[in-house]
Amino acid sequence: MKSFRPIAALLGVVLLASCDKNAAQSISSPIAGSAVKFFNFGVGSPTVNFYANDQKLSAVSSTSCSSSVTGATSDTTCLSGGKESKSGTAYGVAANGGGLYASAAPGTYTLSARITTAVDSGVAIASTPATLADGKFYSYYLSGPYSSSAKSVDAFMVEDPIPTVDYRGAYVRFVNASSNSQPMVLTAKDPTSGLEAVISTVVSYKSASSFLLIPPGIFDLSTYVAGSATSVISRTGVSFSAGRVYTVSAYGDITATTGTAKPNLDNTANR
């Protein structure tokens, strides 16, 4: 595989500079409580709602209910089901949409995903013990193949250490939610210049890289197994905006070549 030079050298120097009077406020954690984002990346899984113990934390409408910055709940009906989506969260979707987190009081929980369809309604297909710390963000993933006979799917949680706002570029990290993949790195290529650079460390299944500041723009993304020049998963035309924070997640069956199980790269904003 070709050798990649540092991302700043390859993709250019960001043009926006900050000054003291316009400095962004540091808002790298919720004002109070904990915040969780949910992803249904279990291959073949049914639509689900997500819960912390018996408190529903997903399935809100498109109306903004929780602050994308603080995680604070601005509308109590979002947690009581008053704005519930009747269809649940389908495979390949982030439950609360881009930038939105659900709020929960700090503490120890069982995070679960429960079927929303008429058949098996309310059955938990994943249950994961989790401790949510005050002032922190998390992402909870359904992953791996769904077993229709056992009504179960794999799941894991990673912490989202949201960086301080920086308008010089966009922060990006990589999460590997593809259960049968080898550890991979994520690269970004400028489609105009053709220059490509690694933007993550080698990330194994159920793991996340650190957030890296890159210049804003539109890039073609690819993953590679360490030491290989052959792209494993790719996606073109992905936008990263200055001042935003993004997670790129690999999911799907790495051996599939067609259909919904085919591996894919999701790009969801954390802020």
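Because the structure is a prediction, the values reported are computed rather than measured.
- Counting only residues at least two apart or on different chains, the side chain to side chain donor-acceptor pair (under 3.5 Å) pairs with a member in residues 207-219 are S204-S207.
- The hydrophobic clustering, which links ILVMFWY residues whose side-chain heavy atoms are closer than 4.5 Å, places V36 and V158 apart.
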Run the numbers on T187 and T223 for side-chain contact (heavy atoms from CB on, under 4.5 Å), then give the verdict.
CA-CA 6 Å; T187 70; T223 65; over 6 Å; no

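- For residues 251-271, every residue pair satisfying the ring pair (Phe, Tyr, Trp, His ring centres under 6.0 Å) rule, not counting sequence neighbours, is listed here: F41-Y251, Y91-Y251.
- For the side chain to side chain donor-acceptor pair (under 3.5 Å) with T247, the lone residue among N270, N267, T268, D160 that qualifies is N270.
- Ring pair Y101/F137 is perpendicular by interplanar angle, where above 60° counts as perpendicular and below 30° as parallel.
- At a threshold of 4.5 Å between non-hydrogen side-chain atoms, the residues P161 and R173 count as touching.
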Audit row: V175, Y141, side-chain contact (heavy atoms from CB on, under 4.5 Å) steps and yes/no:
CA-CA 10 Å; V175 170; Y141 287 83; 3.7 Å; yes

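- For an aromatic pair to be called close, the ring centres must be under 6.0 Å apart, and Y246 with F240 satisfies this.
- Contact record, G42 with V153: CA-CG2, 3.7 Å, taken as the closest heavy-atom pair.
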Please test T128 against Y140 for side-chain contact (heavy atoms from CB on, under 4.5 Å), starting from the C-alpha separation and ending with a verdict.
CA-CA 9 Å; T128 307; Y140 181 66; 2.8 Å; yes

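- With rounding to the nearest 0.5 Å, the separation of CZ in R244 from CZ in R271 is 8.5 Å.
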Distance-only donor-acceptor hits, side chain of residues 212-221, under 3.5 Å, sequence neighbours excluded:
unit_1 : atom_1 : unit_2 : atom_2 : d
D220   : OD1    : G237   : N      : 3.0

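- A salt bridge links K151 to D120: one of the charged nitrogens lies within less than 4.0 Å of a carboxylate oxygen.
- Rounding to the nearest 0.5 angstrom, the gap separating the CD1 atom in I125 from the CG atom in D154 is 11.0 Å.
- Residues passing the ring pair (Phe, Tyr, Trp, His ring centres under 6.0 Å) test with Y171: none are found, sequence neighbours excluded.
- Across every non-hydrogen atom of M184 and F174, the tightest pair is O-CE2, 3.7 Å.
- Atom CZ of residue F38 and atom CE of residue M157 lie 9.5 Å apart, to the nearest 0.5 angstrom.
- With rounding to the nearest 0.5 Å, the separation of OG in S178 from CD1 in I233 is 5.5 Å.
- Scanning for side-chain contact (heavy atoms from CB on, under 4.5 Å) contacts around S179 gives P145, Y205, with sequence neighbours left out.
- Y224 and Q182 share no side-chain donor-acceptor pair at under 3.5 Å.
- L265 is connected to V225 through a chain of hydrophobic side-chain contacts under 4.5 Å among Ile, Leu, Val, Met, Phe, Trp and Tyr, so both are in one cluster.
- F39 and V203 fall into different hydrophobic clusters, where Ile, Leu, Val, Met, Phe, Trp and Tyr residues are linked whenever their side-chain heavy atoms come under 4.5 Å apart, directly or through other members.
- In terms of heavy atoms, S241 sits closest to A170 at O-CB, 3.3 Å.
- When the side chains of ILVMFWY residues are joined at heavy-atom separations under 4.5 Å, either directly or via intervening members, V93 and I115 end up in two distinct hydrophobic clusters.
- Annotation for A95 and T89: closest pair CB-OG1, 3.4 Å, computed over non-hydrogen atoms.
- Atoms CD1 and OG, on I254 and S181 in that order, are 5.0 Å from each other to the nearest 0.5 Å.
- Between N180 and G252, the shortest heavy-atom distance links the atoms OD1-O, 3.9 Å.
- In terms of the side-chain contact (heavy atoms from CB on, under 4.5 Å) criterion, residue partners of S234 (sequence neighbours excluded) are, by chain and number, S222, S231.
- The backbone N or O of Q55 sits nowhere less than 3.5 Å from a side-chain atom of N53 that would complete a donor-acceptor pair.
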Step-by-step side-chain contact (heavy atoms from CB on, under 4.5 Å) determination, S34 to K136:
CA-CA 5 Å; S34 307; K136 291 192 174 182; 5.7 Å; no

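- Rounding to the nearest 0.5 Å gives a distance of 8.0 Å between OG1 of T47 and CG of N40.
- The heavy-atom pair separating F50 from L142 by the smallest distance is CE2-CG, 3.8 Å.
- Panel note: side chain S152, backbone S147; no donor-acceptor pair is recorded below 3.5 Å.
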